[in-house]
Amino acid sequence: MASSKSRRPLMKLSIVGLLICVPLIFLMVRQPQPADRAAATGAEKDCPEKCNCTVGMRRHGVKKNQVTCHGLSSIPDGIPVDTQVLILNGNSISKINDELKNLSKLEELSMVDNKLEKIGPGNLTGLSSLSRLYLTRNQLSDWPDLCDDVGSSLTHLGIDENLLTGSAAPDSYAKCRKLESLVLTKNTFPQLSNATLAALGAAGSLKSVKLNSVKMTALDPTALLPLADHLTSLDLSQNPDLPVEQVAAAFSAAASAISSSA
Ligand SMILES: *[C@@H]1O[C@H](CO)[C@@H](O)[C@H](O)[C@H]1NC(C)=O
Ligand SMILES: *[C@@H]1O[C@H](CO)[C@@H](O)[C@H](O)[C@H]1NC(C)=O
Ligand SMILES: *[C@@H]1O[C@H](CO)[C@@H](O)[C@H](O)[C@H]1NC(C)=O
Ligand SMILES: *[C@@H]1O[C@H](CO)[C@@H](O)[C@H](O)[C@H]1NC(C)=O
């Protein structure tokens, strides 16, 4: 049971939302930058070819063991087992085999700008500390099915600019119980399926969802109910065919569900 305190954010949001629903912008939380463009400094150690392994690299204000690789068409073996941040942006990696299995300390994996077509159960096995996964600009046409592998630790997931087309999120998303932030920008979601909303609602921690530029055309008045307890930020901007009245009705229904059960 959520306390009445944790129910307030959406109420506040929905009032703000109704006031500014013409621009359809409910953005309140800034996303962390997936790519760390800072130059690597520090001690090198045993490190796969085409990678830099850096001890004590600052990441979100804390020193981490970071590995950054370039010029790869597959993930290398032999990434140090104490790696906490792995940046594989801008390679041409198309799948994940067994290369990550030993990385139980890995907290952040960034694979922006690669060629991943699918992430299925088992692909992220062993990544028991993974909290941030950034998959921007790959070729994923299905939701990555990863909550059986990393559901107990994952907090941030970016699947923006992929080829998702509105098929339902797998039921296993209910196991992503710590997921707070989900970025779906620039996929194609004409509607949000009930199955997706049910799975995301069951996960129970989602605070921020970005669904801007997803070609949304309709929002059911009950659509936000599964998320109402936790959501504080929903970005539906740049969906020009989405009727403003439908957004207002969905926010209003969510707000009154919260206040009547509070
Ligand atoms: C490793 O770091 C050096 C120095 O910053 C840089 O010139 C090189 O391109 C980096 N290599 C990789 C694979 O990132
Ligand atoms: C994982 O660890 C095992 C045991 O130390 C080792 O044999 C294997 O090569 C490692 N796998 C990778 C991908 O580094
Ligand atoms: C990764 O996922 C692909 C596609 O679902 C699958 O074929 C492959 O066996 C998986 N790899 C591992 C190590 O689980
Ligand atoms: C989705 O769920 C709502 C109630 O939450 C229901 O009214 C609607 O008919 C459902 N739509 C589909 C396609 O099942």
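Whatever order the structure lists them in is the order used to number ligands and atoms, beginning at 1.
Applying the side chain to side chain donor-acceptor pair (under 3.5 Å) test to Asn212 and every residue at least two apart in sequence or in another chain returns Thr185.
Judged by distance alone, the side chains of His156 and Glu108 never bring a donor and an acceptor atom under 3.5 Å apart. The closest side-chain donor-acceptor pair between Asn52 and Thr68, if any, does not fall under 3.5 angstrom. Donor-acceptor pairing under 3.5 Å is recorded for the side chains of Asp160 and Thr136.
Residue His70 has at least one N or O atom closer than 3.5 Å to an N or O atom of ligand 1.
Within ligand 2, the atoms closer than 4.0 Å to a non-hydrogen atom of Gly78 are 14 (O), numbered from 1 in the order shown. Those atoms of ligand 1 that come under 4.0 Å of a heavy atom in Asn52, given as number and element, are 1 (C), 2 (O), 3 (C), 8 (C), 10 (C), 11 (N), 12 (C), 14 (O). The atoms of ligand 1 that sit less than 4.0 Å from any heavy atom of Lys50 are 13 (C). Each of the following atoms of ligand 2 lies closer than 4.0 Å to a heavy atom of Asn102: 1 (C), 2 (O), 3 (C), 8 (C), 10 (C), 11 (N), 12 (C), 14 (O).
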Give every donor-acceptor pair under 3.5 Å between a side-chain atom in residues 111-127 and any protein atom, sequence neighbours left out.
unit_1 : atom_1 : unit_2 : atom_2 : d
Asp113 : OD1    : Arg137 : NE     : 2.7
Asp113 : OD2    : Arg137 : NH2    : 3.2
Asn114 : OD1    : Asn91  : N      : 3.3
Asn114 : OD1    : Ser92  : N      : 3.4
Asn114 : OD1    : Ile93  : N      : 3.0
Asn114 : ND2    : Leu88  : O      : 2.8
Asn114 : ND2    : Met111 : O      : 3.2
Asn114 : ND2    : Val112 : O      : 3.2
Asn123 : OD1    : Gly120 : N      : 3.3
Thr125 : OG1    : Gly122 : O      : 3.0
Thr125 : OG1    : Asp149 : OD1    : 3.3

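Remark: Glu107 engages Lys64 in a salt bridge, criterion side-chain N to carboxylate O under 4.0 Å.
Of the residues listed (Leu133, Asn138, Leu182), the one engaging Ile159 in a side-chain contact (heavy atoms from CB on, under 4.5 Å) is Leu182, and it is the only one.
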Contact table, ligand 3 N/O with protein N/O, distance under 3.5 Å:
unit_1   : atom_1 : unit_2 : atom_2 : d
ligand 3 : 2 (O)  : Asn123 : OD1    : 2.7
ligand 3 : 2 (O)  : Asn123 : ND2    : 2.4
ligand 3 : 11 (N) : Asn123 : ND2    : 2.7
ligand 3 : 14 (O) : Gly122 : O      : 3.3
ligand 3 : 14 (O) : Asn123 : ND2    : 3.4

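Counting only residues at least two apart or in different chains, side chain to side chain donor-acceptor pair (under 3.5 Å) contacts with residues 164-177 comprise Asp145-Ser172, Asp148-Lys175.
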